[in-house]
Amino acid sequence: MEYENRQNDDIVRMVNIEKWFGRVYALRGVDFHLKRGETVGLLGDNGAGKSTLIKILSGYHVADKGDIYFDGKKVVIRSPRDARRLGIETVYQEQALAPNLSISRNIFMGREPVKGFGIMDKKLMDEESMQALQNLGLRLRSPDLPVVTLSGGERQGVAIARAIHFKAKCVILDEPTVALSVKEVNEVLEFIREIQREGISSIFITHNLYHVYEIAERFVVMARGKKMTDVLKEDVTLDDLSELVIKSALVE
Amino acid sequence: MTNQESIWKRLIVSRSLSIFVVFIVLIVLFTVFSPQGRFLDPENLKVLLAYGSEFSIIALGAGFLMVTGEFDLSVGSILVFCSFAFLKFFGLHLNLFVVLALTIGVGALLGLLNAMITVKGQIPSFVATLGTMMLWRGLTLWFSGGEQQACDVSSSPAFVSFLNGNLGNFFPIQAMWFIVFGIILGVILHLTRLGNWIYSTGDNADAARAMGIRTDIVKMLSFMVVGILCAFVAGIQISRVSCFTARTGEGWELKAVAACVVGGTSLRGGIGNMSGIFLGAFTISMIENGLVVLRIPYFWTYVVFGLVIIFSVLSSMYIERQKWAQK
Ligand SMILES: Nc1ncnc2c1ncn2[C@@H]1O[C@H](COP(=O)(O)OP(=O)(O)OP(=O)(O)O)[C@@H](O)[C@H]1O
Ligand SMILES: [Mg+2]
């Protein structure tokens with residue numbers, strides 16, 4: 001089979017994924033794969049099914065049909081817990097952080113190191129948080145600052161630092177640059193480059209083709225629950241890509 | 001910045017500051033205005049600490065739960081139901097500590113039931129516990145006929161001194177339990193990983209779930225903590241008054257919410273700390289006691305509650321804004 005031949009290269013392979021929401025046929029047999037160390041831009045109009053597809057990968061939704069292979073093995077992902085255990089981390093805009101909790105409590109959320117009797121090792125959490133942020137080039141004053149006090153770009157930095165710190169194998173970025181200032185967008189794009197330098201695969205969903213074209217190595221375009229196009233960056237110009245996205249949305 | 005300055009600043013920006021101010025102001029007012037300063041009389045302090053701690057212990061649980069973003073309006077009804085359960089277990093002539101343990105089991109179950117309706121039924125806890133509040137109160141009235149019933153626990157002095165004794169000559173053991181529960185819950189909330197799960201669940205349940213935290217289990221545990229504390233207080237009350245009273249705990253649900261809110265806990269969850277909740281609970285108990293000592297008619301209690309709630313919420317919002325402005 002074609003899949004098995006390519007299995008070794010792929011960190012993620014989703015085969016013939018279907019998803020219904022009541023009477024909405026959100027995903028109509030989508031195949032998607034992501035190679036080790038690769039960054040794929042996932043594009044498409046509003047409601048195309050991008051978020052639904054990646055939420056199936058991150059365990060937020062369960063597919064009605066289809067298989068998922070991770071790291072060469074067939075896996076069943078029923079919850080975010082399952083996904084996280086495999087090494088799939090998600091960075092949603094405004095969704096992955098608890099705003100009133102401190103930076104270090106956020107970075108270690110759900111994976112707090114303990115000293116015994118369930119008591120958190122706060123010193124370790126603080127040190128490692130600051131280190132993880134520094135590796136991203138982010139110098140924040142204190143690990144105790146609540147996340148609400150950070151800028152939008154810094155918040156994405158915290159979420160991305162968390163993913164890198166916990167050695168994610170696949171990072172999903174669902175519109176990480178939405179509602180950010182130009183300066184913050186550049187910061188976030190720089191964080192994504194750090195993910196690439198770490199050799200971590202990522203899926204980058206955005207409506208901004210300029211952002212994604214700079215960074216991704218391959219583009220997948222979806223429309224109305226189907227995959228329409230799957231092209232390598234070297235085979236398209238930015239203009240081609242924008243035309244592909246618009247045309248896919250119009251095709252019936 | 002010197003160290004002293006930073007401590008001061010931290011105090012200034014702490015949400016518990018407003019409750020601390022209210023607390024001190026009330027102590028001063030009650031002392032000054034009570035006849036012969038009777039408020040600070042050891043006998044009165046004893047009453048306040050012994051009797052007030054019953055409500056205060058329950059308010060601790062309500063605050064703990066509120067940090068997860070949930071309410072429990074059924075605390076008073078769990079209390080009365082547990083009192084009745086205690087009475088029934090007592091009738092089986094078991095060891096009183098066994099009776100207490102069984103009652104705590106009942107409390108935990110009632111808490112779990114609230115959690116199930118809220119979490120599994122996906123009903124807001126405000127509504128779910130409004131339902132159980134009426135249900136348990138109504139059932140208890142029905143089973144007991146609404147009558148007071150004797151439950152003489154004096155046959156076991158060990159039990160009485162465990163729940164209604166004094167430490168040394170003066171310090172009521174109820175107040176010790178209040179402090180002990182405050183410390184235990186405070187340690188859980190602030191220092192353990194469960195505490196971080198509780199805060200995360202209350203602050204952003206979606207994020208918590210995405211990070212693999214079982215928010216449903218976190219909520220279940222917290223509801224059970226409330227039930228357990230209510231059951232424990234049922235034991236304390238019975239050992240104090242040696243009877244079952246069908247009206248016990250009436251109105252406590254909103255007083256508990258008030259205690260949490262004046263203590264700086266956010267109704268939406270994710271914000272709050274145990275020292276604030278502790279002080280808030282104590283303050284509410286103190287207001288009731290203080291007004292009695294001042295011989296002020298009972299309805300004034302609600303006026304004072306109202307003013308205290310509004311003042312502390314407004315001031316903690318103000319503090320909050322200052323805090324972000326400083327950063
Ligand atoms: N939880 C849900 N319940 C019901 N319908 C849903 C749900 N989530 C998504 N849908 C529907 O599924 C379809 C695909 O939505 P999805 O969010 O995946 O689109 P998207 O490509 O991420 O769009 P956008 O760019 O606007 O984020 C839409 O028709 C949407 O209304
Ligand atoms: Mg989307």
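Chain identifiers are assigned alphabetically (A, B, ...) following the order of the sequence lines, protein sequences preceding nucleic acid strands; residue numbering begins at 1 within each chain.
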Just by distance, do the side chain of Arg84(A) and the backbone of Met211(B) share a donor-acceptor pair under 3.5 Å?
yes
Of Arg162(A), Arg81(A), Glu112(A), Lys115(A), the largest count of non-hydrogen pairs under 4.5 angstrom with chain B goes to Glu112(A)
When rounded to the nearest 0.5 angstrom, what distance separates OG1 in Thr192(B) from CE in Met120(A)?
6.5 Å
In terms of heavy-atom pairs under 4.5 Å, which option from Leu191(B), Ile213(B), Thr201(B) contacts chain A the most?
Leu191(B)
Could you measure the distance from the CE atom of Met125(A) to the CZ atom of Arg193(B)? Nearest 0.5 Å is fine.
10.0 Å
Would you say Leu101(A) and Asn204(B) make side-chain contact, with heavy atoms under 4.5 Å?
no
Would you check if Met109(A) and Trp197(B) make a side-chain contact, meaning some heavy-atom pair closer than 4.5 Å?
no
Could you check whether Tyr199(B) and Asn100(A), counting side-chain N and O atoms only, form a donor-acceptor pair closer than 3.5 Å?
no
Can you tell me how far the CZ atom of Arg214(B) sits from the OG atom of Ser79(A), to the nearest 0.5 Å?
7.5 Å
Chain B contact via Arg105(A) - side chain, backbone, both or neither, heavy atoms under 4.5 Å:
both
Identify which part of Arg85(A) has an atom lying under 4.5 Å from any heavy atom of chain B, answering side chain, backbone, both or neither.
neither
Atom OG in Ser102(A), atom CG in Asn196(B): separation rounded to 0.5 Å?
7.5 Å
Using a cut-off of 6.0 Å, state whether more than 12 heavy atoms not belonging to Phe166(A) lie near its atom CZ.
yes
